[in-house]
Amino acid sequence: MKSVFILAEKAWAGSNILYRWQKTLGNYISVGGQDNSVNIFDRHGHKVTELNLPGRCVGMDWDKDGDILVLIAGKSSSIYLWDASVNKTSQIDSGMRDQMSLILWSKTGPLLAVGTVKGNLLIYNQQTSRKIPVLGKHTKKITCGCWSSQNLLALGSDDNTLSISNHEGDTIRQITLRGEPAEMYFSVMKTDERSSQGENTVSVSVGKKILMIFNINDPENGIRLTFEHHYGNIVSHRWFGDGYILIGFSHGYFVVISTHIREIGNELYQFHNHKDSLNSVAISATLSKAASCGDNSIKIHELSELKNISNVIRLDDETKGLDQLSWTDDGQLLAVSTQKGTLHVFLTKLPILGDSFGTRLAYLTSLLEVTVSNQVERESPVAIDVEVEPNFIAVGPYHVAVGMNNRAWFYALVDQEPGFIKLKDVEYLGTIASMCLNSDYAAALFEGKVQLHMIEAKDQEEKKQMKLFPDDDKKDRILCHALTTDFLYYSTDSGNVVCVLIEDLETVSSYTHSVGVRKVFPDLNGTRLVFIDDKSCGFLLSPTNARDSCLELPNFSPTITGVLWDNWHADRGVFVAYDSEKVYTYALHKTTIYGPRVVLVGTTALPFSQKPLLLYNGELTCQTTSGKTSEVALSTHAFLKHSTGASSDSSPDLSKQLSQALMLKRFHEAWDLCNASRTNTDWSELGKACLVHMEVELAIQVYRMSSNVGMVLSLQSIQGIEDMNLLAGHLAMFLGDYNLAQDLYLSSNCPIAALEMRRDLLQWDSALMLAKSLAEDQIPFISKEYAAHLEFIGDYVKALLHYEKGMTHNNKYQEHDEACQAGVARMSIRMGDLRRGAAQAIQHPSRLLKKECGAILESMKQFPEAAQLYEKGQYYDKAASVYSRCKNWAKVGELLPHVSSPKIHLQFAKAKEADGKYKDAAQAYENAKDWDNMIRVLLDHLNNPEEAVRIVRETQSTEGAKMVARFFLRLNDYGSAIHFLVLSQCNDEAFQLAQQHGQMEVYADIIGSEATQEDYQSIALYFEGEKKHLQAGKFFQKCGQYSRALKHFLKCPNTEDNLAVEMAIETVGQAKDSSLTNQLIDYLMGESDGMPKDAKYLFRLYMALQQYREAARTAIIIAREEQCAGNYRNAHDVLFSMYTELQAQKIKIPAEMATNLMILHSYLLVKIHVKRGDHLKGARMLIRVSNNISKFPAHVVPILTSAVIECHRAGLRNSAFSFAAMLMRPEYRNDIDPKYRKKIEAMVRRPDTSELEEETTPCPFCGFQLPQNELLCISCKNNLPYCVATGCHMLKEDWSMCPHCEFPALYSEFILLLETETACPMCSEAVSVNQVKKISDCSRYLQTDDLDQ
C-alpha cells in the first residue's frame, strides 16, 4: 500500500490534530492543529488554502455533497463556512452566549446542528438561513451526536443522558445512561423480517466500558453489552454489513458482534490485533475493508473474511504512537493522524486504468504515476510521473498518452534515463471518451466523432494528416474505435463497422450490422475483429471478407465488457472475453469440414476487482486495485503445465486437458498428452480432431499410434486431393456425418462420390435419388441391392418391383439378371403366385434357389410343390421329409437310397411296421439307428433272438437288453435272462431272479465290478444264509464290512483253507483295524483251535499290513525253517523278496537277514562256479559256507565233503585238511560217503598244509588292500557290498549292477558269467549282456547305513 503524502506542520507538533475528509468526492482534507488555523489540502497533499480562526478549532464537518466545510472555534460564537467550489469563506453568528462544543451536518439535507458546553442546541438551515435555538436540551456539555437518514438528531452529554430530537429541535426521547456517552451512531438492527422503518437503532459507548443499543421506538428495553475486562476500554465502534458492529478496544483487541436477536451477545470474531494498544478503527463500505491502528502499525482486513489480514503498514518513525483513522468515501485514500501531530495518507484503492498494445502494457500505479512494462520482451518497467490524475491511458509501440476531460498529454518512450520524454499536451473539441495509439498516430473519440492525428509531427504536417470521422455529411455517432498498425476501426450507433486504411485515410471496408455496435476489438494485424452490439451479443468479423464471415460467438454472456486477443505468435485465432467475474476463452477454427466457426473453450474465474490487460499464450496479465499486475493462468490452457513437465495429472484431468488442447488447435501439446495417457480413446479423440481440421498428414501419424490400420489406409488413399470440398467430404464420411459429406461431395468436382457413399451405407432410397441425376446406368444394380434389402425386412411387394426393375436384359450382366430372376421367383411365391414362382425356380439353373423356394412353400404348407422343388434341387432328405408329411410313402421309398437323415428312415420304418412289413421295418429301423425298436421287431415279430442278442452286445442298449432278458425269461433261460437284466441296469430284478432260481453265483460273476455297495451286501447276505462262508466273506469284503468278512473266512472248512486264509489276510490289510489284526494273528498262531498255521501266512499278513519290520522277522524265521528243511532256494527267495521290499520302503535291513542272504547266496553260487569249472571260486564259497555250517543242519556232511574235495582240487590243501579233520569227528564219521572216506582219512593222517594265498583287492570305502573274499574291512570296519556273480567284495573301478534287483556285481565277472548263464544269480530274472552297464561313479551305492547294524 503506497504512501501518497505526509503532512507535518510546525504548528501541529506534539499535539493531536483534528481532520476531516471531504464527503462524497474526497478531493480535500481539512486539518486543524493546536494553533488558530485550519489548513485545507487537496488529495495529492498540496495546500489549497489556510483559514485563520479567533481560537483553536474545536469542531469541523463537511456537508453531504462535500461542498461546504463548517468550523467552530473556541472563544467565538461564530460559525465559519468555507465553500470548496469557489474557495471562499463566510461566517454566521450563532447567537449562542456559551462556547460551542459540537457541530454536525445532516446526512440528507442542508441542516446544521451545533451543541454548546452548557447543553444548549442550535439548528441552522443553510438554505433558508433559519435558526432554531433550543435552550436546556441538556444540563451539561454536549459531547457527541449523530443525524439519522430520517433527519433525527441524537445527542450525548456529560449529564449522562441521551436525547433524540426531530429536525425542529423537539425532543422525542430522553434516555438516562449509567455513564458518560462517547461515540454514537444510527443504524438498522438485524431482524428476521425486513422492516422499512429506516434507521431505528442508536448505539452508544457508555463510560468506555459498555455498548448500549436502543430501539428509538422502545428505548426502555435497551440492550447493554459488556466485554471481557482484559480487552480494555472501548476506543471506537463502527456498524457494517447486515447489522454487524466492529469494536476496537484500548488493549489492542478487535471484536465483531452481530445485532441479530438470536446472535446478540456472541462474539463472531475476536483478534488481538495490536500487542499493546489500539487507537482507532475505520470501515470502508465501498472497499469492503476494515482498518485498525495501534502500536505504530495499521492492519487492514477484508470484511468478507475478517480473519485474513490483507495488508499491514508499519510507521516506525512514529514513536509516540498513532491517533485517528479515516477513509475517503470512495475508499481510495486512508488517513491516519499521530500523537506527535503528523498526518499520513495512503493509497488503498486506485482507479483501474490501463491499456495494452501488443505485449506492451501501461497502467496506473499511483494517483500521479503511470508504469509502462513489457514482461514478454523482458523490458525493465518505466514509471512516468504525470501532471493530473488521469481519466484514461492509451499506449502504443513507442508512446503513452494520459488525459482527463478534453486534454491529453503525450510521452515518448526512449532508451535513455528516465525512459520517457514528455512530448506535448493536446486539447480536443470535446471530453475524450477513449483514445488509441499506434506507432505514428493517435485517435481520440469525443462526442460521437474520432479525431485521427500524428503524434510526432510538425504543426503543418499534423494539420495535413489530421482527419475527423465520420465525414460531416454522415449523421452516425461513433460509439467505439480501435487502432492497429495499419487500420483504424470504428463502429456507429446505426450498426456500421468501418475499416479505414491509415496510409491514405480511405475506407477499405464497411460492414452493416442490424443494431448499433458498442465496442470493437481487432487483433494485432487487423485481419479479424470481435464486436459487441447493443443487444450484448458478440460477433467475429473478417473485414477482408465481410459478406461471408460474420460469426456469432456462442454462449456470449451479456455482462461481457471487453475482449483481448492472444499475442502469442502461434495462437492468432484465440481470444478471451471478460466480465467482472469470469474470463471466457474462444478459439476461431478457420479451416474445418464444417467451414469456419468459433468455439467456447471454457471459462476461468477472475480474481475480485481485477481487469485483464494482456493475453499471452494462455496467461492473462490483470491490473489490480493496488496498482500492480497479477498473472492469471487460464484453466483452458492447463495442458501447458503438462507440456513443461510440471504436472502428474490423473486420467480424467488428462482427458479434459486433451479436449481443451484440441479446441485450441494445439496439436503438438495434444500429441504429448496422448503419449502420457497411452489410452486408445485419447488417440482416437486426437485423430477425430485432425479429421475435423483437415490435418490429414497428422491424422495418419495419430491413427498409426493407435494401430487403426483401416483408418491409416483410408487416409493415405485420399492424401493429395486438392479439391477442398471433396477432401472435406471424405473426412466427414470417416467421421460418420453422412449428410454433411453428401453436401460436400455434391459441391465438389466429383459428385458421384455421394452416390458411392450412399450405396456403401446401404441407404438405397438416397442412392436411387442420386443415381437419377448422377448415373442412370447404375439404377438396375442399385435396384437389385435395394430389393435384397427389402426382401430381408419383409417388404415383398416393393422387393418384387425392384427385382423386376433390376433386369438389364444384357448378356454382359447375365449373373446379375439371374439373381434378379431368382428374386422374382421368391417374391412371386411370397405374394401367392405359386405357379409363376415354382415355374421360374424350376427353369432357373441354381440348386440353391430351388431349396429357398421349397422352404418358402413348405412354410406356406404347400407340401407337394415344396417336395417337388426339393427333389429337383437334389435335396433328397428335405424332399423325403416333406413327402412323409403328406403321407406319400411310395415317393419316400423311391428316395430312401439317397436319404441320410435317420428321422426319415424312422418315419418310414413306423409306416412299414404299421403295414405289417416287418422285415422292411427292421431294415429301416437299422438305417435310422433306432436299435430298441429294431430289437423289438426282431423278438416280437421276426422271432430272431440271435440277431437281437448281437445288436444288444454291439450297441449296449439298455432297453434292448431288457427286452432280450424278458425273451429269455419266457424260455426259462435264467442265466441269460440275468445277464441281460444286468446289462439293462435292472440289478434289483436280476438279483431277485437269481435268488428265486438259485443262480446267485451267476449273478455275482456277471455283476463284477459294476455293482454298488448295496448289491454286494445283498449278495453277501444271501451267501451267509446259504452258509457259503467263502463267498459270503468275499462279498462282505467288497462292501467294506471287514469284521463280518473275516468271521466268514475263519469259518471256512479245511478244504478251502489256503484261499480263505489268503482272503482273510487281504481283508485285514484293507481294514487296518488292530482288533481284526489280533484276531487273525491268534488264528494263525493256533490259539483259537490249537493248530498253528504255516508261518508264510503270518508273513503275508505283515506284508499286507505294511508292517515290514515284523514281516522281516517272520521272513527270517521262515527262511530258517526252510534252511533246516534243506530248501535253500526257497529260503533264499524269501529273504531276497523281503530284502527288496524293505529297501523299497527305505527301512534299514536287519544285519541277520543280510548275513543269512549272503551265506545262502554263497551256497547257491558254488553250483554255478563248479558247473563252469572254476574250482577255486567254488572252493572259496564252500569255505564261507562251511565256516557257517551250523546254518545247514540237514546237509552238514555232504557240504563239508564237497568243501574238502573242492579245496583239494583248487590247491587249498590246508583248508581241505581242516575240513577233513572236522569230518573225522565221531558224529559225522559214519555219514561220510564210502566213496570218499578212505581219501579223507588219508588226508588227515598225512596232512599237507600248503595253501594257495588269496589275492588281495582294495576296499571300496577306504582303499585298504584285503583278501578279495573278505566282506568286513579291518581298516574302516565297514560291511562291504559283495558281487552277486562271484561272492567277492566289490571294486570301485569294476562296478555294475543287475538291471532288475539292482544288487551289485563286478562288471568283468558278470559279463563272463552271462556267457554261460541267462539269469541273475540273485533274483533269477533273465538278463542279457547288453543290459549290463559299467557304472563309473558308484559313490551313491556306498552308503554305510543300509544295514540295521
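If you're wondering where the values come from, they're calculated on a predicted model, not measured in any experiment.
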If you measure from [atom1] on [X] to [atom2] on [Y], what distance do you get to the nearest 0.5 Å?
{"X": "L1212", "Y": "S1218", "atom1": "CG", "atom2": "OG", "result": "10.0 Å"}
{"X": "K1238", "Y": "I1240", "atom1": "NZ", "atom2": "CD1", "result": "13.0 Å"}
{"X": "L1291", "Y": "S1308", "atom1": "CG", "atom2": "OG", "result": "8.0 Å"}
{"X": "F1136", "Y": "L1160", "atom1": "CZ", "atom2": "CG", "result": "13.5 Å"}
{"X": "Y1163", "Y": "H1195", "atom1": "OH", "atom2": "NE2", "result": "6.0 Å"}
{"X": "N1269", "Y": "L1280", "atom1": "CG", "atom2": "CG", "result": "11.5 Å"}

Below 4.5 Å, heavy atoms only, C-beta onward: do [X] and [Y] meet side chain to side chain?
{"X": "W1295", "Y": "L1342", "value": "yes"}
{"X": "H1132", "Y": "L1157", "value": "yes"}
{"X": "C1338", "Y": "P1260", "value": "no"}
{"X": "F1310", "Y": "P1304", "value": "no"}
{"X": "R1180", "Y": "P1267", "value": "no"}
{"X": "L1272", "Y": "N1279", "value": "yes"}
{"X": "C1259", "Y": "S1275", "value": "no"}
{"X": "L1266", "Y": "I1274", "value": "no"}

Might you point out which heavy atoms bring [X] and [Y] nearest each other, and give the distance in Å?
{"X": "L1165", "Y": "P1321", "value": "CD2-CB, 4.1 Å"}
{"X": "I1183", "Y": "S1215", "value": "CD1-OG, 3.9 Å"}
{"X": "S1186", "Y": "I1199", "value": "OG-CG2, 4.2 Å"}
{"X": "S1162", "Y": "M1181", "value": "O-CB, 3.6 Å"}
{"X": "F1192", "Y": "N1188", "value": "CD1-O, 3.7 Å"}
{"X": "A1305", "Y": "C1283", "value": "CA-SG, 3.8 Å"}

Verdict with reasoning, Y1341 to I1335, per side-chain contact (heavy atoms from CB on, under 4.5 Å):
CA-CA 10 Å; Y1341 304 109; I1335 294 166; 4.0 Å; yes
For E1241 and I1232, what are the C-alpha separation, side-chain angles and deciding distance, and is it a side-chain contact (heavy atoms from CB on, under 4.5 Å)?
CA-CA 11 Å; E1241 285 173 352; I1232 300 169; over 6 Å; no
Among side-chain atoms of D1248 and S1250, is any donor-acceptor pair under 3.5 angstrom?
yes
Please determine, by modelled atom types, if Y1282 and H1161 share a side-chain donor-acceptor pair under 3.5 angstrom.
no
Run N1330 and S1328 through side chain to side chain donor-acceptor pair (under 3.5 Å) and show every step you take.
CA-CA 5 Å; N1330 303 335; S1328 69; 4.6 Å; no
Show me, pair by pair, the donor-acceptor contacts under 3.5 angstrom made by side chains of residues 1200-1211, not counting sequence neighbours?
| from | atom 1 | to | atom 2 | distance (Å) |
| --- | --- | --- | --- | --- |
| T1201 | OG1 | V1197 | O | 2.6 |
| S1202 | OG | P1198 | O | 2.9 |
| E1206 | OE1 | H1175 | ND1 | 2.8 |
| E1206 | OE2 | R1209 | NH1 | 3.2 |
| R1209 | NH1 | H1175 | ND1 | 3.4 |

For the pair K1171 and E1317, find out whether any cationic side-chain nitrogen is under 4.0 Å from an anionic carboxylate oxygen.
yes
Check against side-chain contact (heavy atoms from CB on, under 4.5 Å), S1324 and R1129:
CA-CA 11 Å; S1324 308; R1129 171 48 84 180; 3.5 Å; yes
Could you work out, with ring-ring contact (aromatic ring centres under 6.0 Å, His included) as the rule, every residue matching H1169, not counting sequence neighbours?
none
Heavy-atom count check: over 12 atoms from other residues, nucleotides or ligands less than 6.0 Å from Q1265 CD?
yes
Main chain of G1287, side chain of R1184: is a donor-acceptor contact present, judged purely on distance under 3.5 Å?
yes
